[in-house]
Amino acid sequence: MWTGVLLITMGIVDLSISQHYSQFQWLSRLRRRQRQRHAEDADCPLECDCPSSFPTAMYCNGRNLQHVPYVPSHVKYVYLQRNQIAGIQDGVFDNATDLVWVVLFHNRLDSGKIGSNVFGKLRNLVRLLLDHNRLTRVPPNLPRSITDLRLGHNEISKVLPDSFEGMADLGTLQLRGNIIEDAGGVFKGLKSLTVLDMRENRLRKIPDNLPERLQQLYLEFNDIESVPAGFLTTNPKLQFVRLAHNQLTDEGLPSNVFNVSTLVELDLSFNKLEKIPVVSRNLENLYLHANKIKEFSLSSFCGPMDMTNFSRLRMLRLESNQISAGDIPAEAAYCLRRVAFIDV
């Protein structure tokens with residue numbers, strides 16, 4: 001019996017020693033790292049890496065952090081993605097006002113736990129990535145210097161009129177994967193905006209007052225039933241429009257609404273269209289699959305035949321409709337001479 005007690009006691013002692021030794025090893029490794037640091041990263045927090053080869057960057061991603069660590073003043077790029085950060089207090093970035101990138105996607109950010117002026121003093125910030133969090137609103141007082149703002153896959157239901165006020169340099173705005181029903185005219189003042197991504201929301205209409213320079217508009221997986229008359233004439237720079245997986249019908253498309261020469265790609269797949277809408281001869285890619293189209297109308301692509309009147313289409317998808325290859329007239333070979341193939 002005493003032998004058994006002795007063995008159990010020795011096992012506990014060995015386990016205790018091994019645990020202390022493991023902790024000591026961990027502490028020793030951190031201290032050794034601290035001694036080996038170069039002068040330029042001497043103030044780097046222990047839970048992060050500040051490589052001498054990229055002295056203006058601080059890597060804190062994937063460390064199971066629950067708060068934003070101290071950011072040295074010389075840092076311009078801070079990577080905090082894939083952590084457990086739920087809140088950010090005002091003043092956290094006040095020591096590093098030269099920050100250019102702040103990467104915070106895949107955290108647990110809660111709008112109620114973010115200070116009202118967290119990013120306000122970062123006057124050089126150009127990229128702010130906040131996608132895949134738990135935000136219910138756009139953070140207030142965002143720097144006007146931002147050119148790339150990612151707010152996708154959050155829980156934002158409403159965008160306030162002043163959410164993007166003064167952000168004249170914003171070029172890319174991602175709001176996909178939220179629960180927005182109506183964006184109103186909040187994008188009107190974004191004079192540099194070229195890419196707007198609002199896929200996977202609950203929009204019932206196309207946002208009003210889109211910026212004049214907008215080139216790419218992504219609105220797939222919403223509840224949009226119609227396209228306003230003059231939509232593309234009031235947005236003359238649009239080249240890519242994607243409206244797949246909505247509730248569009250023929251009645252919701254005004255005559256010639258897509259017959260605009262600047263448009264390069266148009267995606268109307270997975271809707272409720274019964275006719276092929278009239279499109280510009282300069283359109284290159286047209287996606288109409290998974291609708292209810294019953295006839296192939298060549299006049300949707302070309303007018304009266306002559307040597308110059310033919311479509312520039314290269315890709316035409318019509319599969320999963322109510323037409324077959326036999327419904328395509330022979331004259332299509334002339335009108336659609338540039339199409340590589342037509343899926344029906």
statement: Residues passing the side-chain contact (heavy atoms from CB on, under 4.5 Å) test with Lys275, sequence neighbours excluded, are Asp250

- prompt: Does one hydrophobic cluster hold both Ile293 and Leu286, with members joined at side-chain heavy-atom distances below 4.5 Å?
  reply: yes

- request: Using the side chain to side chain donor-acceptor pair (under 3.5 Å) rule, collect all pairs that involve residues 82-105, keeping only residues at least two apart or in two chains.
  value: Tyr70-Asn95, Gln84-Arg108, Asp94-Lys121, Asp98-Asn124

- prompt: Do Leu151 and Asp131 come within less than 4.5 Å of each other through their side chains, counting heavy atoms only?
  reply: no

- request: Please answer whether the main-chain N or O of Cys335 pairs with a side-chain N or O of Ser311 as donor and acceptor at a distance below 3.5 Å.
  value: no

message: Pair Leu99, Val75 - check side chain to side chain contact (heavy atoms under 4.5 Å, CB included), show working.
response: CA-CA 6 Å; Leu99 280 170; Val75 170; 4.0 Å; yes

message: I'd like to know whether Lys272 forms a side chain to side chain donor-acceptor pair (under 3.5 Å) with Gln247, so could you lay out the CA-CA distance, the side-chain angles of the two residues, the decisive distance to 0.1 Å, and finally the verdict.
response: CA-CA 6 Å; Lys272 299 177 181 180; Gln247 304 295 323; 2.9 Å; yes

- prompt: Can you name the residues that form a side-chain contact (heavy atoms from CB on, under 4.5 Å) with Asp148, not counting sequence neighbours?
  reply: Arg127, Arg150, Thr172

statement: Across all chains, not counting sequence neighbours, the side chain to side chain donor-acceptor pair (under 3.5 Å) partners of Asn321 are none

message: When you group the ILVMFWY residues by side-chain heavy-atom contacts below 4.5 Å and let the links chain together, are Leu266 and Val278 in the same group?
response: no

message: Donor-acceptor pair, distance only, cut-off 3.5 Å: does the side chain of Asn291 make one with the backbone of Leu288?
response: yes

message: How long is the straight-line distance from CG of Asn209 back to OG1 of Thr234, given to the nearest 0.5 Å?
response: 9.0 Å

task: Ignoring hydrogens and angles, tell me if any N or O in the side chain of Asp182 forms a donor-acceptor pair with the backbone of Gly184 under 3.5 Å.
output: yes

- request: Taking atom CD of Glu212 as the centre, report whether more than 12 heavy atoms of other residues, nucleotides or ligands fall under 6.0 Å from it.
  value: no

Exam field: side chain His74 to backbone Pro55, donor-acceptor pair closer than 3.5 Å: yes

- request: Treat each ILVMFWY residue as a node, draw an edge where side-chain heavy atoms are under 4.5 Å apart, and state whether Leu214 and Leu263 are in one component.
  value: yes

- prompt: Of all heavy-atom pairs between Gly252 and Pro254, which one has the smallest distance, and what is that distance?
  reply: O-CD, 3.5 Å

- prompt: Listed by chain and number, what are the salt bridge (charged side-chain N to carboxylate O under 4.0 Å, His left out) partners of Arg137, not counting sequence neighbours?
  reply: none

message: According to side-chain contact (heavy atoms from CB on, under 4.5 Å), who are the partners of Arg176, at least two apart in sequence or on a separate chain?
response: His153, Gln174, Asp197, Arg199, Glu200

- request: May I ask you to decide if Val159's main-chain N or O and Ser163's side chain share a donor-acceptor pair within less than 3.5 Å?
  value: no

query: Ignoring hydrogens and geometry, is there a side-chain-to-backbone donor-acceptor pair from Ser297 to Ser299 under 3.5 Å?
result: no

Side chain to side chain donor-acceptor pair (under 3.5 Å): pairs with one or both residues in residues 218-229, sequence neighbours excluded: Gln216-Tyr218

field: ring-ring contact (aromatic ring centres under 6.0 Å, His included) pairs, two or more places apart, involving residues 228-254
entry: Phe221-His245, His245-Phe270

- request: Using salt bridge (charged side-chain N to carboxylate O under 4.0 Å, His left out) as the criterion, list what pairs up with Asp162, not counting sequence neighbours.
  value: none

message: Would the distance check show the side chain of Asn201 and the main-chain N or O of Ile180 forming a donor-acceptor pair, the cut-off being under 3.5 Å?
response: yes

- prompt: By ring pair (Phe, Tyr, Trp, His ring centres under 6.0 Å), which residues pair with Tyr59, not counting sequence neighbours?
  reply: Tyr79

- prompt: Between Asn259 (side chain) and Val257 (backbone), is there a donor-acceptor pair under 3.5 Å?
  reply: no

- prompt: Hey, does the side chain of Asn133 reach the backbone of Asn107 with a donor-acceptor pair shorter than 3.5 angstrom?
  reply: yes

statement: Residues at least two apart in sequence or cross-chain that pass ring pair (Phe, Tyr, Trp, His ring centres under 6.0 Å) with Phe54, listed by chain then number, are Tyr77

Salt-bridge criterion met for Glu265 and Arg242 (N-O under 4.0 Å): yes

message: So does Arg314 get a backbone contact from the side chain of Arg338, meaning a donor-acceptor N/O pair under 3.5 Å?
response: no

Partners meeting ring pair (Phe, Tyr, Trp, His ring centres under 6.0 Å) with Phe164 (sequence neighbours left out): none

- prompt: Do Leu336 and Leu268 share a hydrophobic cluster (ILVMFWY, side-chain heavy atoms under 4.5 Å, transitive)?
  reply: yes

task: State, with a plain yes or no, whether a side-chain heavy atom of Leu149 is found less than 4.5 Å away from one of Leu170.
output: yes

task: Identify whether the distance between the nearest side-chain nitrogen and carboxylate oxygen of Lys294 and Glu274 falls below 4.0 Å.
output: yes

